Every structure is written in structure tokens, then in C-alpha cells.
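What follows is a single structure, written as C-alpha cells, with notes after it.
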Amino acid sequence: PRSKPRRPHSMLLLLLLVVLVVACICYFYTTKHVFIVPGPHKNTPKSWYDVIIVGAGPAGSTAAFFLAKQRKNVLVLEKKRFPRVKYCGDAWCTPALDILDEMGVLQEIEEAGLCKRVQRGGFVSPFGYSCIGGPYGSVTAVRTYAIKRIIADEYIARAAEKAGAELREGVEVKDIKFNSEQGCWNVEDFTGRVLIIADGSTSYLGQKLGLVHGQSTAVCTHQYGMNAGKNFSADGVMYFQRGLLPGYSACFKHYNDDVYFGTYILPGGRATSTVLSKFEQTVMEHYAPVKEVFGGQPEWRERVKTAPIRIGGIAKSYGDHLLIVGDAAGQVDPLTGEGIHTAMIAAKIAAQTLQEMFEKGNFSSKATKLYHQRWMTEFGSDFWWSTIAARALYWCPPILDALCVVGDRDGQDFLDFFGEIMTGVKPKRAFLYCNYTVPVAVELFRQLWIQWVLRREPKLPDCCTPVLDSFDAAKRDQAKKQN
């Protein structure tokens, strides 16, 4: 006998059952695994993000910009409100400027007239030799700009906003916790798949997680002399003094004729932050190159400020669903104290590495370790050479004198080469196999003979050593009284 044909309503019920099963599977997937989807998801709650970044300095905002360009759902939390002051040397060198160009930020700052390109610069050696570039405008091969951080930081943060990142100002982050079961970070009232810590050199969060250890080992001062640019024939000069090595002082001219003056105390030397105030006062009164700029009694835009610097890189800048970027990771050159360009390079590397992680859905520490390896390869390995160079300068100051004499003799070509090395365009080891290696070595022997054998008086006074001696004498007297 023929089988009876199925009724139409039976087929309809079967179809509805299939649709219901598929709908249930889709609902379970989107609610339980929404963070695995690269980029923003329509079912993602507003307080949940692909990446949460703590800190909107150059490192945090640069990472936010490139992640937002990848269509990631990014939240940036900044403790202060823009415009906010960041105490720093204000020097932006070629690698940082290249990234600002890529972000469209440098063009905006230039159009607003808020930056000053260094067109004549150089340095003064401990013995007092001067190596300043030729006529104004002679600097061509090395791009360096003076841009106040109060200006640049906000421009970068706003660029990240325009790219699609969400910026919340005035939010101080104290509470963070990793949820290993769901694979996400709870940051205050927000939840994110990945956390980027970019909270500065003291890095409260990095120390809380046990990845950043101890206090910052370097320090810099920051102040602006009003209208001092009229007396400054160059745009940027470094001043090395024997007692301050491997640290130094520097002046940079700004767009409004303010001149930044600051001193960097770096590890490996005798000087400490306790002598800074007395030292800078002595420099203003007795060190001719600086006294000429500020006139002996400068009018300061604000009182001198001091900021800590974490240098040399931390041993581990990653964890499960976690990256540490910028000053928090100690991504600052031990020889120069410069960290803007390295922070921005690391931030871009972080964004590129996270893009790969989102594609694979793997955010374990084994995956995030790739970020650490990449920034170490890009610039971190050069920190070892910087540390060696800093120690060499402390124990043998005539090295700088030899460099200065050769530089003054060879002119702008040497200064361009010197600038490329000091700003990270070329590695420090390039000094060992360049055209200047032999001439500098010969001049070094000459300087050792002049200074250590003949014991000739330096051309400029060492303002730091007498201050250090007086502090040491005061400590000894105090110790005697206590005994």
C-alpha cells in the first residue's frame, strides 16, 4: 500500500524546531564567547571592551590609536584631565615624529604653530669644549622637535578618540582583577579582554601585579625660562659636567621663545636628586653657556618640578591578557633618559601583536610574551650598549671631550651622525665601526695627556662636584655629631 503523504503542518513544525535549535546555539555562543570576536560586537555590553588602557600618555594613546584603527573596542582611562602637564625634556626625535606623522598629529601641531624644529644644536663637553652646529638651519639629517608635553599629549589622545577609542578623563584606577575563568580583566567598573598598563614610571598597577619592582632610578627636572629664546643662538644643546656624569643638563627652545632647562640624573654616577636644587642654582650663576641664555636672573613660567624616570626596561612586560608599555615598562634609554620615541614604538608593536592575538583568540602569557621579545629586538637590546656607554663616560669623561673636539673639527656631518645615535635612529654600537672611530681614539689619547698628565685647567667650571663635596662634608659632620 502507498504511504500517506506528510501533512504540511508537520513539515512546518520540523522547520520551526530547526530554527529554534540554531537560535539557541547562536545565543549561547554570542553571550559566552563575545570577547573572542575581533573588534566591537553588537551584543557587547557598553562596559565591556576588547582592550582597556590605563594611562593616556604617548604610549597609551598611541596604542589606543592603532588598536582603534583595527576596529577594536578600546577604552582609555586617564587619571588627570587634559590639558595636563607632564614633566619631561620636551624633545621629540625622528622615530617619534615618524609615528606622529602616521597618526596625522604632527601636521596638526605644525599648522597650529605649537612646535619648534631644532635647526641648530650640539653639546658642550665636561672640559668645556663646544660643538655647536654651523649657521642656523644647518641641521638637516636628523629631525628633532621641541613640543611641550602639555600640548603633544592631548593631541595624541584626541587622535585616538577620532580613530574610535573611548577616552575617559579624571578616572584614577586602583582596582584591577583578572578573571581567569572568563579570560578578562575587571578594571574598576569596566571589563576588557586585554589590559594595557601605561600608567607612568611609578606604575602603581605594575607594582601591584608584581611585574614592576622598586623605585625609579633616574630623575629629571623641568622648568621654562620665559622669553629666554631671544638670547639662545641654538635650538637645542646638551651640557655635560664631570660631577653630573653620566647625567647632563639641556636647553631646548620652544615656539613661543620659552626655553626648557632641565637636568637628568642617571644611574651609575655620583650625583643624586638631593643636589639638584643647589646644582642648578650654581649653574645659573657660574656656568657661562647657561648664564648667557637665562641672564643670571631668569623669569620662570613656573617653579622647577622634578619627575622620576624608570630606565633600562623591566624583565617582564607581559602576563595573561596583559601588556605593560612606555615608562611603566622602563622603556627609557639609560644613556640619554629619552623615552618618548621608545614608548611610541613599543605601543605600535603592542597594537600589532594584539591584532594577531585577536585573530588567533589566544591571549595567554605565552602569546603576550611575543610583544616583549619584539620591543627588545627593536630597541631594548640597545639599552645594554647604553648602560656600558654611560659607565664609560662616568669613569672616563675625556671620551666626551674627544667627541666634542672631533665634532667641532668635522662639522655638521659629525653632529648629524651623533644625533642619529643619541636619538635611537642608529644603535649605540655604530660608534665602534664608523668613520669617526679612529679620529676619536687618537683625540682621546691627546685629551688624557692634557687632562691627566699635564693637569691643565678646564675651559669651563664643573658646577656639580663642589656641590657634591659640600653635601658629603655636611653628612660627615652630621655623622660625627651623632656619634
Side-chain angles (χ1 to χ4, degrees), residues 30-31 33-82 84 103 105 153-180 182-200 203-206 208-209 317-329 343-344 346-355 357-359 361 363 368 371:
T30 55
T31 54
H33 302 276
V34 63
F35 284 104
I36 295 180
V37 181
H41 192 280
K42 64 181 180 180
N43 291 333
T44 303
K46 289 184 178 180
S47 60
W48 289 13
Y49 298 86
D50 293 322
V51 183
I52 296 177
I53 302 173
V54 180
S61 294
T62 300
F65 175 88
F66 286 104
L67 286 166
K69 284 293 185 181
Q70 299 169 10
R71 300 185 62 80
K72 298 296 181 291
N73 190 16
V74 182
L75 172 66
V76 184
L77 302 174
E78 167 59 34
K79 179 171 65 175
K80 297 182 180 179
R81 294 187 179 277
F82 290 106
R84 55 112 169 95
M103 298 170 69
V105 171
D153 285 17
E154 182 170 10
Y155 268 86
I156 301 173
R158 300 305 176 205
E161 269 192 310
K162 292 175 186 176
E166 180 182 343
L167 173 64
R168 299 204 180 194
E169 302 172 53
V171 179
E172 185 173 6
V173 176
K174 293 288 187 180
D175 183 26
I176 59 171
K177 186 176 181 181
F178 182 61
N179 187 325
S180 57
Q182 295 185 7
C184 60
W185 282 91
N186 297 317
V187 182
E188 298 296 338
D189 297 328
F190 310 99
T191 304
R193 184 54 134 177
V194 177
L195 172 63
I196 294 180
I197 294 176
D199 59 348
S203 192
Y204 169 81
L205 298 181
K208 184 174 183 179
L209 295 175
S317 60
Y318 62 94
D320 287 327
H321 300 242
L322 172 71
L323 303 178
I324 305 178
V325 183
D327 287 356
M344 296 180 74
K348 191 174 179 181
I349 291 172
Q352 293 167 343
T353 307
L354 283 175
Q355 170 70 3
M357 293 182 199
F358 274 101
E359 290 173 356
F363 306 92
T368 55
Y371 153 74

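Nothing here was measured: the structure is a model prediction, and the numbers come from that model.
Phe190 CZ to Glu166 CD: the interatomic distance, rounded to the nearest 0.5 Å, is 7.0 Å. Note that the CH2 atom of Trp185 and the CD1 atom of Ile52 stand 10.5 Å from one another [nearest 0.5 Å]. Atoms CZ and CD, from Phe65 and Glu161 in turn, are 13.0 Å apart once rounded to the nearest 0.5 Å. The structure places CZ of Arg81 at 12.5 Å from CD of Glu154, a figure rounded to the nearest 0.5 Å. The line from CG of Leu323 to CD1 of Ile53 is 9.5 Å long, rounded to the nearest 0.5 Å. Distance check: Ser317 OG to Ile197 CD1 gives 10.5 Å after rounding to the nearest 0.5 Å.
The two residues Gly326 and Ala343 make their nearest non-hydrogen contact at CA-CB, 3.7 Å. Annotation for Ala347 and Ala63: closest pair CB-N, 3.6 Å, computed over non-hydrogen atoms. Closest non-hydrogen pair, Phe82 versus Leu167, comes out as CE1-CD2, 4.2 Å. Residues Met344 and Ile156 come closest through the heavy atom pair CE-CD1, 4.3 Å. When all heavy atoms of Lys72 and Gln355 are compared, the pair lying nearest together is NZ-OE1, 2.7 Å. Contact record, Val76 with Gly55: CG1-O, 3.9 Å, taken as the closest heavy-atom pair.
Put simply, the side chain of Arg193 gets close to the backbone of Gly183: a donor and an acceptor are under 3.5 Å apart. When atom types are taken as modelled, the side chain of Asp50 and the backbone of Asn73 share a donor-acceptor pair closer than 3.5 angstrom.
Counting heavy atoms from C-beta on, the side chains of Asp199 and Val173 never come closer than 4.5 Å. Contact check for Val187 versus Leu75: no side-chain heavy atoms found under the 4.5 Å cut-off. Considering only heavy atoms from C-beta on, Leu195 comes within 4.5 Å of Val54 through its side chain. With contacts defined as side-chain heavy-atom distances shorter than 4.5 Å, the pair Lys174/Glu188 qualifies. Looking at heavy atoms from C-beta onward, Leu322 lies in side-chain contact with Leu209 at the 4.5 angstrom threshold. Within the 4.5 Å cutoff, the side chain of Phe66 has no heavy atoms near those of the Leu354 side chain.
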| request: Any chance you could lay out the side-chain contact (heavy atoms from CB on, under 4.5 Å) test for Leu67 and Ile196, step after step, and finish with the verdict? | output: CA-CA 11 Å; Leu67 286 166; Ile196 294 180; 4.0 Å; yes

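We find that Glu78 and Arg158 are not joined by a salt bridge, their nearest charged nitrogen and carboxylate oxygen being 4.0 Å or further apart.
Residues meeting the side chain to side chain contact (heavy atoms under 4.5 Å, CB included) test with Asp320, sequence neighbours left out: Phe178, Ser364, Ser365.
Within a 6.0 Å radius of NZ in Lys208, other residues, nucleotides and ligands contribute more than 12 heavy atoms.
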